[in-house]
Amino acid sequence: MIKKVGIIGAGTMGSGIAQVAATADCKVKLFDLNQDALERAKAALEKILSRLIEKGRIDEKEKNRIQQNIRYVNSLKELSDSDLTIEAIVENLDIKKKVFQELEGYVNTKCIIASNTSSLSIASIASSLNEPKRCVGIHFFNPAPLMKLVEVIPAIQTSYETLEMTIDTIASWNKTVAVAKDTPGFIVNRVARPFYGEALRMYDEGIADFAIIDHAMKSVGGFRMGPFELMDFIGNDVNYTVTETVFKAFYFDPRYKPSFTQKRFSEAGYLGRKAGIGYYEYDDNGKKVEDTTKDTNAFAKSSSRDSRPKGEQSDKADEKAIFDRILVMLINEAADALFLNIASAEDIDNAMTKGVNYPKGLLAWADEKGIDWCVNKMDALYDEYREDRYRCSSLLRKMNKEKNTFF
Ligand code: NAI
């Protein structure tokens with residue numbers, strides 16, 4: 001059983017992961033090169049735990065127990081007695097590789113060496129070790145103490161023992177584990193792309209504005225946040241970079257193509273909540289100022305405004321059609337992830353409900369809507385646009401022929 005955990009990097013993710021492990025009664029050493037980061041992490045934990053006491057979720061004794069389980073250290077060597085180390089430093093392959101090599105020189109041969117990377121391949125990180133079979137991806141979601149999901153990603157070098165031990169450990173930390181193949185975006189950051197991409201595409205086509213698309217996803221689909229609200233929350237710079245990374249990593253598959261709109265918002269500094277302005281405006285407390293979208297589109301207001309033929313212009317956007325289009329693109333992506341063995345059907349659905357709070361698992365949603373509905377919708381989009389972006393997953397097509405369901 002894993003009892004001693006070393007965490008490398010005391011930023012947003014590392015400090016959250018330390019809290020999770022300490023709460024599960026592991027002895028944690030949290031390491032950062034930057035002393036300020038360690039002090040910030042310590043102060044942040046004090047604040048979080050005090051708030052939990054105020055809310056009645058934990059008592060003073062529990063707070064002390066969690067705090068005493070964490071030691072803040074400024075030398076990597078201090079992690080030498082760890083059973084498991086999780087790295088959460090800057091997202092840079094060369095830096096991560098150097099740290100892994102140094103770490104391997106200190107820890108015992110049984111220690112699992114994991115990375116929390118969200119975009120680098122685990123195989124490339126593992127290749128820096130003399131014993132790559134002990135390396136695995138352990139991908140938490142932000143904020144780590146609150147989000148139930150953890151993706152566990154074995155590299156092609158990872159041993160079965162390492163994988164099993166990792167799954168058991170993370171499950172014992174009260175998390176839901178989804179095992180994902182070592183491919184770009186793992187499960188969540190791959191399957192979720194159309195939530196943003198198709199919303200941006202509909203905006204770019206002039207089908208509806210931000211507020212209408214957001215409203216459609218919330219009121220028709222039951223999503224907690226609309227795509228534009230969520231992009232503002234994540235940060236347009238961060239979300240754009242993930243999209244671009246995934247697009248490049250998939251050898252420019254048009255399904256993942258980024259949007260110029262988001263790129264321009266990012267370039268303009270309209271990053272979302274943290275900047276006070278994104279697709280919406282925010283006050284100093286990060287609250288949306290009003291429910292109307294920011295007027296950022298002088299071009300659309302110019303005389304060339306609506307280039308569509310008269311018969312196709314409509315003042316009233318069809319919210320159900322907007323929702324259906326995003327949903328079917330999400331389902332298609334989830335089906336393709338299953339088709340390509342990225343994860344099991346259960347893990348794909350768990351990933352989306354527990355990693356990004358979708359109201360339902362996408363494959364269960366496909367069953368509910370009917371596989372024929374999904375295929376017909378995808379084919380209608382493909383017929384309209386003749387773009388590879390709208391190709392229907394062959395798994396859906398096969399299931400439709402065989403009258404199968406996912407569950
Ligand atoms: P962050 O910037 O908040 O924290 C990184 C920390 O690592 C800093 O405190 C920095 O001082 C420290 N650091 C940098 N180089 C170091 C080194 N060589 N040795 C020791 N410490 C070092 O970054 P964040 O957001 O916590 O991300 C960390 C990792 O987690 C990245 O790989 C990122 O892709 C991944 N991730 C981030 C998520 C997020 O929402 N922020 C979600 C899931 C994964």
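What you see below is based on every heavy atom in this structure, not just the backbone, and it leaves out hydrogens, waters and symmetry mates. Everything numeric in this text was worked out from a predicted model, so none of it was measured. Both ligands and their constituent atoms are indexed starting at 1 by order of listing.
Here the protein heavy atom with the shortest distance to atom 26 (O) of ligand 1 is Met13 N, 2.8 Å. Among all non-hydrogen protein atoms, the one lying nearest atom 33 (C) of ligand 1 is Glu91 OE1, 3.8 Å. What sits closest to atom 22 (C) of ligand 1 on the protein, heavy atoms only, is Ile89 CG2, 3.4 Å. Taking atom 17 (C) of ligand 1 as the reference point, the nearest protein heavy-atom neighbour is Leu33 CD1, 3.5 Å. Nearest non-hydrogen protein atom to atom 4 (O) of ligand 1 is Gly11 CA, 3.2 Å. Ranking protein heavy atoms by distance to atom 5 (C) of ligand 1, first place goes to Ala88 O, 3.8 Å.
Taking the six-membered ring for Trp and thresholds of 30 and 60 degrees, Phe141 and His139 have ring planes inclined between 30 and 60 degrees apart.
Residue Phe31 places a heavy atom under 4.0 Å from ligand 1. Taking 4.0 Å as the cut-off, His139 counts as a neighbour of ligand 1 on heavy-atom distance.
By the 3.5 Å distance cut-off applied to N or O atoms, Lys96 is counted among the residues near ligand 1. Checked by distance only, ligand 1 and Asp32 come closer than 3.5 Å through their nitrogen or oxygen atoms. In terms of N/O distances under 3.5 Å, ligand 1 is approached by Asn116. When only interatomic distances are considered, the shortest N/O to N/O separation between Ala37 and ligand 1 does not fall below 3.5 Å. The shortest N or O to N or O distance between Thr117 and ligand 1 is not under 3.5 Å.
Of the charged side-chain nitrogens involved, none lies within less than 4.0 Å of a carboxylate oxygen, so that Asp253 and Lys248 do not count as a salt-bridged pair.
At a cut-off of 3.5 Å, with distance as the only test, no side-chain donor of Tyr390 or Asp379 sits close to an acceptor on the other residue. Between Arg134 and Ser159, the side chains place no donor N or O within less than 3.5 Å of an acceptor N or O (distance only, hydrogens not considered).
Taking SG from Cys374 and CG from Leu327, the interatomic distance works out to 7.5 Å, rounded to the nearest 0.5 Å. Annotation: the span from Ile342 atom CD1 to Asp182 atom CG amounts to 9.5 Å, rounded to 0.5 Å. The CZ atom of Phe140 lies 12.5 Å from the CE atom of Met147; values are rounded to the nearest 0.5 Å. Atom CD1 in Ile331 sits 8.0 Å away from atom CG in Leu363 (nearest 0.5 Å).
There is no protein heavy atom closer than 4.0 angstrom to atom 2 (O) of ligand 1. Within a 4.0 Å radius of atom 19 (N) of ligand 1, the protein has at least one heavy atom.
Remark: the backbone N or O of Ile187 is paired with a side-chain donor or acceptor of Glu151 at under 3.5 angstrom.
Remark: ligand 1 atoms within the under-4.0 Å shell around heavy atoms of Gly9 are 7 (O). Residue-ligand proximity, Asn34 to ligand 1, at heavy-atom distances under 4.0 Å covers atoms 11 (O).
Between Phe223 and Phe195, the distance separating the two ring centers is shorter than 6.0 angstrom. Between Phe228 and Tyr279, the distance separating the two ring centers is shorter than 6.0 angstrom.
Only the side chain of Val99 comes within 4.0 Å of ligand 1, judged by heavy-atom distances.
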